[in-house]
Amino acid sequence: GVVINPATPLNCLDYIMDEISLVMIMAINPGIVGHGLIPGSLQKIKDLKNKLQHKPDMLIEVDGGVTFDSSVDLLKSGANMLVCGSSTIFKEEYKVGYKVRELKSLIDSQLF
């Protein structure tokens with residue numbers, strides 16, 4: 001797989017598309033922990049999904065700015081995997097199992 005930073009254009013994948021099975025879109029600038037999702041990331045995910053029509057099994061992962069509020073929009077845009085690093089989804093004060101079920105319920109109600 002490869003990682004695409006916010007400022008990296010998708011056409012950089014043209015030469016390696018047949019060699020990879022996963023693209024991670026950074027939805028924040030790396031190294032800025034807790035920063036909010038860069039709004040243009042949703043369009044970038046949609047554009048990548050469109051670009052990958054000939055590779056329907058390609059995984060699109062998103063890292064950065066993943067929260068309860070952004071997760072549904074990220075998945076609707078075409079992401080298959082979400083990285084929830086420092087978001088409030090997994091802060092110590094929350095029970096992880098409960099929050100995972102709550103997130104799944106939110107996603108299911110919005111997507112299906």
Checklist entry - Which of these passes side chain to side chain contact (heavy atoms under 4.5 Å, CB included) with Val66: Ile28, Leu37, Leu74? => result Leu74
Next on the checklist: Using side-chain heavy atoms (C-beta onward) and a distance below 4.5 Å, is Ile25 in contact with Val23?
Outcome noted: yes
Checklist entry - Same cluster for Leu52 and Tyr15 if Ile/Leu/Val/Met/Phe/Trp/Tyr side chains link at under 4.5 Å? => result no
Item to check | All pairs passing salt bridge (Lys or Arg N to Asp or Glu O under 4.0 Å) where residues 20-31 contributes a residue, at least two apart | outcome: none
Checklist outcome for this item: The complete set of side-chain hydrogen bond (donor to acceptor under 3.5 Å, both in side chains) pairs with one or both residues in residues 16-26, sequence neighbours excluded, reads none
Checklist entry - What's the shortest heavy-atom distance between Ser71 and Leu82, and which atoms? => result CB-CD1, 3.7 Å
Item to check | From CG (Asn11) to CE (Met17), nearest 0.5 Å | outcome: 10.0 Å
Next on the checklist: According to salt bridge (Lys or Arg N to Asp or Glu O under 4.0 Å), does anything in residues 41-51 pair up with another residue at least two apart or in another chain? List the pairs.
Outcome noted: Asp14-Lys51
Checklist entry - Between Leu48 and Leu13, is any pair of side-chain heavy atoms under 4.5 Å apart? => result yes
Checklist entry - How far apart are the closest heavy atoms of Ala27 and Val62, and which atoms are they? => result CB-CG1, 3.8 Å
Checklist entry - What's the spacing between Ile4 CD1 and Cys12 SG if we round to 0.5 Å? => result 3.5 Å
Item to check | With sequence neighbours excluded, residues passing side chain to side chain donor-acceptor pair (under 3.5 Å) with Ser70 | outcome: Thr67
Item to check | Sequence-distant partners of Val83, side-chain contact (heavy atoms from CB on, under 4.5 Å), two or more places apart | outcome: Met24, Glu61, Asp63
Checklist outcome for this item: Taken in chain and number order and not counting sequence neighbours, the residues that satisfy side-chain contact (heavy atoms from CB on, under 4.5 Å) with Pro6 are Met26, Asn29, Pro30, Ile38
